[in-house]
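Keep in mind the model is a prediction, meaning the values are calculated, not measured.
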Amino acid sequence: MSSGGPHIQARVADVIPVNALIKTFRFEPVDGSPVPPFSGGSHVVVEMNDNGTRRLNPYSLMSDPSDTKGYSISVRRDDFGRGGSLYMHNHVTPGMEMTISYPVNLFPEDARARKHLLIAGGIGITPFIAHMAQMDRRNANFELHYGVQSRSLGQLGDELKRSYDNRVHLYYDDENIRIDLPRLLRSQPLGTHVYVCGPKGMINAVRELAAQAGWPRGAIHSEEFLAPPVGKPFSVELARTGITVEVAAVQSLLEAIEAAGVDPPYLCRGGACGQCECNVLDCEGDIEHNDHWLTPEQRASQKKIMPCVSRFTGSRLVLDL
Amino acid sequence: MMNTAFPPSITTRPVYGLLEPHPGSEHLMVADGEGGGALLDLFAKADGQGIDLRPTAHVIYVRAANGTDMGDRLAALGAARFYHGPSLSAAMPRICKALGDAHMGLQIYLAGTETLIGVVQSEAMKVGYPHDGVHTEHRGSLARRVQCVHCKGITENVTTDPMVCSHCGLHLYVRDHYSRRIAAFQGVNIDAEDPGQVPEMVEKFP
């Protein structure tokens, strides 16, 4: 088993354009066997061979967790990103074979909650589509508040509205129809858990407003995968392997290590899961910690790094790899 | 009497903190016996920080099993709602109603014996509130609520180890092993292998 967990050889069964920015991709195993079941909030890592560059991006599963014929994901095109979403949009066509990881869940529902308040922005809707299918099946109490830029980008919401009717509330930025977060958070019955997935600003706003309103920390859940940021090139020594690896500007530290033939552990590749946490043996310079895994104390100590999203500036960085 | 310091134990053994005022729309405070002192201190701390908890406070206070009653001093605080009752079981319907009617933003403060803290925390968990979101402070008796792992009967106010199960009569060793769901420590038969070989009862939880 490789470091990212077991894999599935899948065929792209369908590519459906949802709107100007979003496409939905359906994967089914090449050998026709059922896919492993998953729980709402799970993601898979999709491997892409982009003209020699190996890209591995995490995407939330949006299919019904009870559907074991295959998995569906949605990808929002980012014209200014590192290229993963553009590759999915421009090069992935039905019939293509791709490798995807087994599902991993970093954003599960808390089954102890009496009510689930789901708040999504933009493409952040995807994990909730699977959550809602799962919650609806067992008659759990849920409510979705989904904000998008405009009606023309709101098709996934329209579909959910058709399925779940008044449990779905839609908001449109360009019409200035926005979620009244303080009021929404104030009016929830005791035992509600809130889940938020969307742009960073939205996640921070919900987390802060809920905490200020007196919500306990354990009732606030969020998920945000970070794209590895672009930065200045740097080099890193791998103590156990005995090699020095050059990290290019548009490459993540993890990608550079993998390209050099080392297979370090990872799961989310977005700074959230903690699987790739690595000991720093020597550091002359500054680690740019971009993850949301390490504690402020761990960051300040410069003894830990998350190679999936973090970078380095300075003269010497030695990792225990 | 001040807040209790507990010796290190296994991880399931609950630990408690010190009550501090937290931002919230309503404040439900439940205490028994010496726990009333923790509520008096909580109001004093809030006053010192310029926070008036009174208009949004619902204080539910019951006398301790050992007789300690600080009800008059708590009544004088002037909380928006105040209940003074003879026992936790008498107060339970009121506590359940308060939890059932509440909205997120409610702060829950529990003070006094482990039984009071554990039982009310378990009710909060039943309505979906995270157990670690409840604020707790231990004061007063260390008496335990013990479940017999054999007959499942619960014996209240256990102060000795070993103890006799009030349901099935077995001699039980009182473990630090704790169930949050039923708010009870676990009691395990101490003379199962050598019937009749029961160590002397010692008052361990005064």
Side-chain angles (χ1 to χ4, degrees), chain A residues 40-41 107-119 131-132 134-136 138-145 167 169 179-196 203-223 295, chain B residues 14-17 19-30 42 46 49 51-53 55-58 60 81 92-110 117 120-136 179-183:
Chain A
F107 192 42
E109 69 170 284
D110 191 323
R112 297 168 295 188
R114 290 291 286 269
K115 177 181 173 184
H116 306 277
L117 175 65
L118 315 175
I119 301 177
H131 271 137
M132 290 161 78
Q134 183 178 302
M135 288 171 183
D136 186 53
R138 41 176 200 89
N139 287 320
N141 183 6
F142 71 86
E143 188 178 303
L144 171 76
H145 294 262
R167 287 179 284 179
H169 304 259
I179 310 177
D180 183 351
L181 285 174
R183 204 183 66 90
L184 186 65
L185 292 168
R186 266 200 311 276
S187 60
Q188 298 305 316
L190 201 69
T192 305
H193 282 233
V194 63
Y195 306 75
V196 55
I203 293 175
N204 292 346
V206 170
R207 294 199 73 95
E208 278 163 31
L209 285 167
Q212 282 163 19
W215 286 56
R217 168 76 193 76
I220 310 169
H221 311 269
S222 61
E223 178 162 76
T295 63
Chain B
V15 288
Y16 310 94
L19 296 188
E20 302 282 345
H22 291 269
S25 47
E26 302 282 335
H27 302 266
L28 175 65
M29 305 169 185
V30 188
L42 171 65
Q49 295 171 24
I51 303 164
D52 188 6
L53 291 174
T56 49
H58 183 178
I60 296 175
R81 276 177 289 174
M92 270 333 276
R94 175 175 287 262
I95 293 166
C96 294
K97 175 88 166 84
L99 291 172
D101 291 347
H103 288 82
M104 290 305 280
L106 175 82
Q107 297 294 339
I108 304 171
Y109 307 83
L110 309 177
I117 295 172
V120 181
Q121 184 189 46
S122 164
E123 284 306 317
M125 284 160 58
K126 281 184 204 160
V127 298
Y129 200 83
H131 67 89
D132 51 1
V134 175
H135 315 297
T136 61
S179 161
R180 270 202 297 268
R181 184 176 57 84
I182 56 175

Task: Side chain proximity check, B/Met104 to A/Pro216, heavy atoms < 4.5 angstrom - done: yes
- [ ] Work out which heavy atom in A/Gly214 is nearest to a heavy atom in B/Tyr129; give both atom names and the distance.
- [x] O-OH, 4.3 Å
Task: Spacing of B/Ile108 atom CD1 and A/Leu190 atom CG [to the nearest 0.5 Å] - done: 5.5 Å
- [ ] Specify which of A/Ala113, A/Ser187, A/Ala111, A/Ala211 makes the most heavy-atom pairs with chain B at under 4.5 Å.
- [x] A/Ser187
- [ ] Can you see which heavy atom on B/Gly128 is nearest to which on A/His193, and at what distance?
- [x] O-NE2, 3.4 Å
- [ ] With a 4.5 Å cut-off on heavy-atom pairs, point out which of B/Met125, B/Lys126, B/His22 contacts chain A the most.
- [x] B/Lys126
Task: Per-residue contact mode, A/Ala219 against chain B (heavy atom under 4.5 angstrom) - done: both
Open item on the list: Other residues, nucleotides and ligands only: do more than 12 of their heavy atoms fall within 6.0 Å of CZ on A/Arg138?
Closed with: yes
Task: Minimum heavy-atom distance B/His131-A/Arg112, with the two atoms named - done: CD2-NH1, 4.3 Å
Open item on the list: Tell me which of these, B/Gly24, B/Ala102, B/Gly133, has more heavy-atom pairs under 4.5 Å with chain A than the rest.
Closed with: B/Ala102
